[in-house]
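Report on one structure; see the data block that follows.
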Amino acid sequence: MPLDTSTYSLALLRVDGRRWNELRRIHAQIRTQAAADGSSYLEMGHTKVMCVVTGPSEPGPRRGGAGGTGGGGGVGAGGQSKDAEVVVNIVIAGFSSVDRKRRGRGDKRTLEMQSTLANTLAATLHTHLFPHSQINISLHVLSQDGSLLAALINAATLACVDAGIPMTDYVTACTAGSTSTYAANDEGADPLLDLNHQEEQELPGLTVATLGDSDKVVALVCESRVQISRLEGMLAVGVDGCKQVREILDQVIKAQGQKMILDGTVDKGTGLNDMDLD
Amino acid sequence: MPREAEPSLNEKNFVLQALQDSVRLDGRELEEYRPLALTFGDQYGVADVTLGKTRVLAKASAELTVPYADRPLDGIFNIATELSPMTSPAFEVNRPTETEVLVSRLLEKTVRRSGALDTESLCLVAGQKCWSIRVDVHVLSHDGNLIDAACFAVVAALRHFRKPDTSMEGGVLTVYTPAEREPVPLSWLHSPFCVTWSFFGEEGDIALLDATWMEEQVRSGSCTISLNKHGEICQIAKLGGVPVEAVSLLQCTNIALIKAKDLSSKLDNWLAEDAKRRDKGGLLAELSAENDRVPDM
Amino acid sequence: MTSSQQVLLSPAELSYLHSSLSLTPPIRPDGRSPTQYRPLSAETGILPGTNGSARICFADGTEAIVGVKAEVEKTKRKWDDDAVYTENSHNDDEEQQQDGRGEASNGNGNSDWVELTVEIPGYRDDDPSTVFLAQMLSEALLADGGFIKKLRINRRFHWKLYLDILLISPPLSYPLPLLSLTTHLALLATRLPRLKSEGDEDPFFDDDWAAAPYLYSRNPTTKRIAERPPVTLLVMAVGGNIIFDPSKEELAVADVALAVSIGDATTSQRSQGEDDRMDVDSGNSGGRNLKLLSIRTVDPPSRLTPPGVANAANSAYGHAQVVNTGANQKMPEARQTESEAVEGVWKPPRGGAKAIVMGALVQKVLVRGGVADEVLDALEGVDTS
Amino acid sequence: MADRRRINGPPGSTIPPVFEDDAGQPEIMNGKGRDRAPNTIRKMFLKTGVTPSASGSAYLEFEDSGKSGVSGLKLSCTVHGPRSLPRSSPFSPHIVLSAHIKYAPFATKQRRGYLRDPSERDLGTHLETALRGAIIADRWPKSGVDIIISIIEGDQDRETSKSQGDETWDMMNALSGCITVASAALADAGIDCVDTVAGGVAALVQDAGEDSTPRIVVDPIPSDHEKVLGACCIAYLPTRDEVTNLWFKGDLPASDAGLYTQLVENGMQASRNANRVLVECLGEATS
């Protein structure tokens with residue numbers, strides 16, 4: 001079913017009623033899971049993911065080998081390395097999409113996402129502080145509606161913060177697209193922020209992940225055909241979107257921290273003095 | 001699982017320090033490719049690509065099958081990548097390593113998803129008969145920049161490939177042998193090429209093209225951009241790694257376009273040369289010779 | 001890796017745990033009574049994109065999510081029926097007969113109407129332990145012949161039910177009880193669109209989700225669920241004690257562990273047959289009429305624990321094995337029997353379990369007003385509408 | 001992952017051969033297919049040392065019932081080990097047992113693939129549980145043993161239509177055979193066990209319609225009976241009087257506890273019978 005973009009130029013509203021530079025509702029929680037070292041739950045529109053971080057811990061026995069999801073997306077040399085190994089495991093639930101589609105353990109798209117996440121996080125986490133250890137990040141996709149990779153990156157960032165793993169800065173991600181398909185080579189195409197599933201299917205788009213407040217791009221994934229001239233616009237919108245996401249995630253973390261201090265879960269120690277408590 | 005030997009600390013530092021001064025071990029400029037060579041096999045659809053010491057062989061083949069139930073009007077197009085232990089002891093048979101998965105995903109996105117091959121043209125009888133085109137990529141020698149070489153080989157093999165001609169008469173499908181009818185080329189829409197940037201240093205401020213295996217082992221990030229000569233991006237993959245300024249990524253894309261155009265014209269030349277070579281003494285030549293004789297009679 | 005990952009407990013710790021669990025009454029590390037389940041919090045209907053879903057968090061932090069999705073699928077005709085239907089010339093008698101036969105074999109040939117997958121983080125989906133869990137859970141569902149019958153739409157179509165069971169947390173304990181309870185709730189919350197077509201025509205459904213009936217129908221007046229999906233309980237024996245819902249550490253000293261699946265044989269079920277046998281029980285009301293659906297022996301990790309060394313045999317302790325050295329080489333048997341006798345030295349269990357012990361375990365699960373009843377009662381308290 | 005290494009059959013489904021009904025068919029429908037007494041198992045043939053290259057091996061065959069098109073159960077088991085674990089695996093104070101059960105592609109009516117499917121993996125887990133109780137595992141630290149069983153013929157009746165024979169019940173028979181044959185092969189390999197473990201199956205069957213009283217039979221052939229209400233497979237150590245693996249499936253009312261106990265008793269009886277053959281066979285091999 002082709003996406004009807006004809007009305008966009010008239011009202012400048014997208015299928016779900018957003019403007020070009022509007023994010024969908026982002027709802028996030030951290031510390032959702034008592035048994036894990038770090039955990040998070042993130043919704044970007046109807047895309048819902050959960051993340052559980054275990055570690056840094058002693059690397060367990062190698063299960064499954066490199067091919068399986070068990071050890072998928074490992075970065076670093078595990079036990080022998082002087083950096084911690086980041087192992088990412090993504091489970092896309094069968095019920096997450098409208099039509100049930102089962103992804104086997106050898107699904108290359110999932111493996112690629114695992115590898116992307118592992119590499120993205122390994123560049124940001126201070127893995128050199130935990131030699132000979134392993135950081136296990138397992139992500140569950142409960143519902144998909146576009147921008148999956150971006151949601152996974154954001155959820156993983158939150159969970160890593162919750163787990164207290166030192167990192168350079170937030171890695172935040174979002175998607176950007178461009179109105180009208182690649183076939184129509186019109187110059188007036190507008191960039192769009194945060195694509196939903198329908199837009200992702202029909203319009204060219206990219207996922208961009210940036211580090212903190214900077215313009216530095218950690219990951220950039222574009223899987224559709226697009227004119228080179230439109231890249232700049234899309235990238236600019238994407239990077240800007242990442243900054244908005246960072247603000248939201250930052251608030252989530254701070255709110256949780258405040259709550260923990262008020263609840264008395266943690267003492268308002270010396271390190272926490274500079275935190276705003278009002 | 002056997003592991004590839006890592007370069008020593010000294011080697012790493014040496015390479016990195018040289019790169020700080022924009023010097024590469026093999027004396028190339030940062031944005032210079034190693035010598036690229038392409039040979040076609042005797043058969044149609046075999047392309048052997050050498051890029052420096054990296055060598056990739058791609059072979060395209062076609063067979064008749066039943067289309068997938070959910071896509072009755074499309075033919076089947078697959079790219080199979082195999083990194084055998086011949087290439088490196090780190091690769092094991094039938095156990096895809098991460099490299100293999102990433103290479104095959106990149107090829108898939110670059111060639112298949114970008115619609116380089118018109119899969120609808122492969123369908124013969126809707127829902128019943130279609131061509132299944134399969135490209136097998138074999139890496140014969142791995143000295144870095146596997147992706148660019150493999151992508152070039154796949155595109156070359158597919159553009160060189162000829163599938164048997166068919167005809168449809170009154171519901172009867174006939175497939176002709178090469179002797180009966182000259183095989184026909186695939187319906188090819190555009191030729192995408194991969195250009196891989198490697199980034200070095202903590203800040204990722206040194207960027208170079210066509211990294212060797214040694215350079216790949218010390219790099220801190222990479223970005224593969226696929227483009228065709230019309231200036232269309234087919235795919236960008238910077239899967240993590242060192243953070244790079246957005247502006248320099250845009251610059252990289254622009255330079256990649258120049259390289260892709262360069263690769264594209266090289267491939268066009270080679271294909272034209274091969275076609276010329278095959279014409280001599282081929283079926284067409286025979287036909288034309290007969291034509292020549294006609295006036296004499 | 002068989003039933004849970006390796007437990008990192010020393011032989012001394014194992015021995016201590018074993019003896020404290022063997023006391024009467026047993027002392028469990030987390031202070032529960034032997035029949036007590038871990039406290040849990042549950043919710044259903046968390047995923048709007050599914051036909052039914054549930055999430056359960058156990059107090060030890062383990063968490064699972066189950067989503068149920070249903071699709072309409074064409075029923076594969078059996079070869080003999082096919083021959084008749086394609087001819088389309090059969091008279092009613094024949095049809096009647098075919099129907100009867102089709103119904104009778106319903107419970108058999110249609111086990112592929114349900115597809116159940118289990119995802120345990122860190123384990124491949126073809127890992128033996130994952131496969132074992134999935135098979136165990138689907139076995140219990142399928143053993144209850146009534147379940148498959150619910151999926152029938154008409155003679156040509158049926159529902160294909162996909163159950164995706166996700167363990168969210170790392171597998172801290174053997175996840176079987178958690179997954180089973182979550183699946184139970186998800187199935188209770190599952191609704192299928194209301195059928196609007198009639199007979200054997202291509203089915204079409206009511207778009208109104210509010211009108212969709214539950215897979216496990218409710219009594220319209222009392223809102224009570226007449227029939228319930230099966231539940232699998234994990235129960236183990238240590239010494240003379242029977243312990244329910246063991247934690248990973250407790251399982252590591254188990255003599256025998258069983259997974260027992262039970263169903264709730266209800267009034268509706270009873271009316272369909274087997275009246276004579278059931279009538280005896282219906283006299284004493286209260287409690288449920290449970291039925292036994294499946295039992296599997298769970299390989300307890302205790303067999304893989306490292307053995308302790310008795311002081312007498314420990315050369316480092318000063319008791320040089322003067323007596324034993326010679327004998328040990330020739331007769332390893334001697335050393336084995338010797339170490340068996342020492343108290344307080346952990347020795348992994350060897351051999352199997354007496355059939356009486358297993359019988360007692362099963363009996364304890366099935367006893368009227370026992371743990372199974374309690375669990376089912378507790379699950380009934382969860383709002384699944 | 002698709003099986004890329006072998007040439008598999010053509011895509012699309014194939015229909016298993018269906019033969020004309022013969023005289024045997026009505027008998028089955030009447031539920032009088034079973035001609036043995038309820039408490040006797042089929043005759044079986046067991047031989048150890050059939051594969052010279054393996055540390056231990058055994059072959060087991062169940063007598064087929066003489067009806068045409070009905071195959072018996074034929075199993076071949078090889079044991080490799082005890083041998084040292086691969087260097088990458090962690091220390092183990094016990095022998096590491098791994099059991100592989102694979103149906104030959106032609107063993108059942110429905111063709112099996114070359115890769116193990118979940119039901120075969122599940123059987124492997126059951127077998128591991130059954131054997132782990134029998135092996136004296138701490139005699140062999142830091143070593144591993146692989147038990148590989150091929151089911152050459154899967155004990156299925158080719159004449160019944162696909163819908164009638166329920167594979168889930170067949171798996172119980174297959175498992176009991178696997179346990180017996182693996183036990184013989186382990187003994188042949190000289191791996192210390194507390195006792196020989198043998199498998200036995202008992203089932204609660206209904207022969208004459210819905211209302212008939214169910215009876216318990218051992219070593220059932222599902223196609224002989226109209227309906228199987230429940231069955232259990234038991235791995236039993238006779239001298240220790242212990243059960244190492246119990247697998248029950250069915251639909252039994254909990255109120256009738258006797259039924260369950262009887263099933264288990266019968267299963268143990270079947271296992272004792274099988275064990276006699278096992279012991280005799282091992283005795284022959286050593287003499």
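Order of the sequence lines sets the chain letters (A, B, ...), proteins ahead of strands, with each chain counted from 1. Every heavy atom of this structure was used, including side-chain atoms; hydrogens, water molecules and symmetry mates were not.
Between the CD1 atom of D/I216 and the CG atom of D/L263 there is a distance of 4.5 Å, given to the nearest 0.5 Å.
Residues that satisfy the side chain to side chain contact (heavy atoms under 4.5 Å, CB included) test with D/A134, not counting sequence neighbours, are D/V197, D/L237.
Listed options C/A134, C/S261, C/A140, C/A353 were ranked by heavy-atom pairs under 4.5 angstrom with chain D; first place goes to C/A353. Among the candidates C/T130, C/T297, C/V357, C/I262, the residue making the largest number of heavy-atom pairs closer than 4.5 Å to chain D is C/T297. The residue among C/V256, C/L258, C/V365, C/V131 with the most heavy atom pairs within less than 4.5 Å of chain D is C/V131. With respect to chain C, the highest number of heavy-atom pairs below 4.5 Å among D/A130, D/G124, D/G133 belongs to D/G133. Annotation: maximal heavy-atom pairing with chain C below 4.5 Å, among D/P118, D/C232, D/C193, D/G250, occurs at D/G250.
Remark: C/R296 qualifies as a cation-pi partner of C/F132 under the 6.0 Å distance and 45° angle criteria applied to the six-membered ring.
What you find for C/K354 and D/R240 is that their closest heavy atoms are NZ-O, 2.8 Å. Across all non-hydrogen atoms, the minimal contact from D/W140 to D/D192 is NE1-N, 4.0 Å.
The part of C/P348 that comes within reach of chain D is its side chain, from C-beta onward, which places non-hydrogen atoms under 4.5 angstrom from that chain. When heavy atoms are compared at a cutoff of 4.5 Å, D/V243 approaches chain C by way of both its backbone and its side chain.
Looking at D/D146 and D/S98, their side chains do bring a donor and an acceptor atom within 3.5 Å of each other.
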